[in-house]
Amino acid sequence: MALASVKTITTPDFGAATDVSVIEILVKPGDEIQVDTPLVTFESDKATMELPSTDAGKVKEIKVKVGDKVSTGTPIVTLETAGAEEKAKPSAQPEQAAADKPVQKKEQEPPKEQKAEVKEEPEQAAPKKPEVLTGEVQSDGDIHAGPGVRRMARELGVNLSQVAGSGPKQRILKEDIQIFVKNQLTRIQTGGLPTAPMPTIDFSKFGPTELQPLSRVKKISGKGLQRNWMLIPHVTQFAEADITALEDFRQSQKKELEKQKVKLTPLVFVMKAVVASLKAFPHFNASLDVSGENLIMKKYFNMGVAVDTPEGLIVPVIRDVDKKGLIDLAKELAEVSERARKKQLLPADLQGGCFSVSSLGGIGGTAFTPIINAPEVAILGVSKAYFKPVYQEGDFVPRLMLPLSLSYDHRVIDGADGARFIVYLTNMLSDIRNLLL
Ligand code: CAO
């Protein structure tokens, strides 16, 4: 009758070598493994190699840890094997019995992987060059990498001579291959422009640190921001709108509107002025089609408004801004930003935008360079209004100025149109009677 027995797999004959250490553990307790499944990786100062399993079964216990020094016959892993005949199994101390007859299923020849994966390395490894962008190839003898890493490189088609190792003695680790592949993908996306690999630094070497995962919103928005920043040729045009009259009007309405629980901020005026500017410059109310050869001109005026939430930046869309008055817009803006902060937005609330506005005016700062919210082709940043002396009719007079930052996609919008748009916009805001036209 077939019963489970326990086998101990030990290191093979290392001869006189005494400086062999375990550098990788490739299985964990509970893993079902096959004959030849690599169990651990050893490294001496001359070679690295994997220890393949001599039996199929379930890993019971790992007897070593990374960094342990081993020599010939050191127990490495115990394995529950299924196929042993009861009569063949020692009645007592099965584990010990297995250990006494340790590794060699194929006793006549060392296991296959062991032979194949051993890489002789030179006595004195030459310092590894940084990630090679020139195509220069180094001999394999210069490369320090464990068999697991070599196998990963083979599977991904990575030439190890081009990978900078971050381990001891410039040893190449799995993370180095991941970074290399990511960088290669980035290079492809950036048309082959060489990029230096992102540094991987153990900051705890310099002082206490704490790991904080990014919020879900940040993880999602970060990818979009990265794509838009890298793939859209941005130009940012700055200007200031004189909103002295606008602010007088706003203050005159504010108290009355507060009674109705309406908060009339400069932002709604900006939204209306943007609509007027989009009508005057329709290329700003457009998206490139997938071929990148045609513009899809939009005949509606939906506006994304960046909202700062504890989870990160969210851009809900306010529809038909052209058809709504200042008070309705103010109410809707308050309602949608509250829902954004309470995580109550629906997917539809985030769709269908034509142009976005990002206002940091309630916080401060003089100007910033907003990132275009693709597939839109422009975005307006609004900073905090401030008084400054403006020369008018032979005198300096205090005027309330609103700093604006317009980022646009230079594939679609020429610099001259960028400047025309922002001048038009500032004129609209400087005399809000223009918005009635
Ligand atoms: N200049 C001077 N004061 C301004 C101002 C400006 N440009 N914009 C707003 N203010 C004032 C408002 O009038 C209000 O003061 P009062 O109550 O005295 O009138 C105060 O600042 C706070 O305004 P607010 O920020 O609550 O309201 P808002 O309509 O201006 O903005 C919203 C709403 C949702 C856009 C805003 O709360 C927000 O989240 N902003 C951050 C957006 C963001 O993170 N952008 C960065 C994206 S990175 O590209």
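Every number for a ligand or one of its atoms is a count from 1 in the order of the listing. Along the sequence shown, residues carry numbers from 1. The structure presented is a predicted model; accordingly, all values stated were derived computationally and were not measured.
Each of the atoms 7 (N) of ligand 1 lies under 4.0 Å from some heavy atom of Val382. If you number the atoms of ligand 1 from 1 as listed, the ones under 4.0 Å from a heavy atom of Arg250 come out as 13 (O), 19 (O). Of all atoms in ligand 1, listed by their number and element, those nearer than 4.0 Å to a heavy atom of Lys254 are 16 (P), 18 (O), 19 (O). Near Leu333, with a cut-off below 4.0 Å to any heavy atom, the atoms of ligand 1 are 29 (O). Atoms of ligand 1 lying under 4.0 Å from any heavy atom of Val307, numbered from 1 in the order shown and given with element: 34 (C), 39 (O). Which parts of ligand 1 touch Leu402 is read off a 4.0 Å heavy-atom cut-off, strictly below it: atoms 7 (N).
Salt-bridge annotation for Glu332 and Lys324: present, with a side-chain N of the basic residue lying under 4.0 Å from a carboxylate O of the acidic one. In summary, Arg339 and Asp349 engage in a salt bridge, as defined by a charged side-chain N under 4.0 Å from a carboxylate O. Salt bridge status for Lys63 with Glu61: present, with a side-chain N to carboxylate O gap under 4.0 Å.
Shortest contact from atom 31 (O) of ligand 1 to any protein heavy atom: Leu267 CD2, 3.7 Å. Nearest protein neighbour of atom 1 (N) of ligand 1, counting heavy atoms only, is Ala385 N, 2.9 Å. Distance from atom 21 (O) of ligand 1 to its nearest protein heavy atom, with residue and atom name: Gly362 CA, 3.3 Å. For atom 17 (O) of ligand 1, the closest non-hydrogen atom on the protein side is Lys263 CE, 3.9 Å. Atom 3 (N) of ligand 1 has as its closest protein heavy atom Gly361 O, 3.6 Å. When hydrogens are left out, the protein atom nearest atom 47 (C) of ligand 1 is Ser358 OG, 3.0 Å; that is the closest non-hydrogen contact. Among protein heavy atoms, atom 7 (N) of ligand 1 sits closest to Ser383 O, 2.9 Å. Distance from atom 41 (C) of ligand 1 to its nearest protein heavy atom, with residue and atom name: Ser359 O, 3.2 Å.
Nearest-residue assignment for atom 29 (O) of ligand 1 (options Leu329, Thr265, Thr369; heavy-atom criterion): Thr265.
Not close to ligand 1: Ala330, with no non-hydrogen atom less than 4.0 angstrom away. A heavy-atom separation below 4.0 Å is not found between Ile371 and ligand 1. Between Arg341 and ligand 1 there is a heavy-atom distance shorter than 4.0 Å.
Under a 3.5 Å cut-off, the side chain of His234 and the backbone N or O of Ile232 do form a donor-acceptor pair.
Legend: residues meeting side chain to side chain donor-acceptor pair (under 3.5 Å) with Lys299, ordered by chain and number and at least two apart, are absent. In this structure Glu210 satisfies the salt bridge (Lys or Arg N to Asp or Glu O under 4.0 Å) test with no other residue, sequence neighbours excluded.
With no hydrogens or angles considered, a side-chain donor-acceptor pair links Glu240 and Tyr386 at under 3.5 Å. Checked by atom type, the side-chain pair Asp176/Ser166 shows a donor-acceptor distance below 3.5 Å.
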For this session: Verify salt bridge (charged side-chain N to carboxylate O under 4.0 Å, His left out) between Glu256 and Lys259, making sure each step is shown before the conclusion.
Result: CA-CA 5 Å; Glu256 197 50 41; Lys259 285 186 200 154; 3.4 Å; yes
For this session: Please report the C-alpha distance between Arg341 and Glu338 in whole Å, then the side-chain angles of each, then the deciding distance to 0.1 Å, and finally whether the salt bridge (charged side-chain N to carboxylate O under 4.0 Å, His left out) criterion is met.
Result: CA-CA 5 Å; Arg341 287 174 182 137; Glu338 189 174 340; over 6 Å; no
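Under the 4.0 Å distance rule, the nearest protein heavy atom to atom 15 (O) of ligand 1 falls outside the cut-off.
Only side-chain heavy atoms of Leu360 come within less than 4.0 Å of ligand 1; its backbone N, CA, C and O stay farther off.
Scanning both residues, Ala378 and Ile372, for their nearest heavy atoms gives N-CG2, 3.9 Å.
Side-chain rings of Phe355 and Phe284 stay apart, their centers remaining 6.0 Å or farther from each other.
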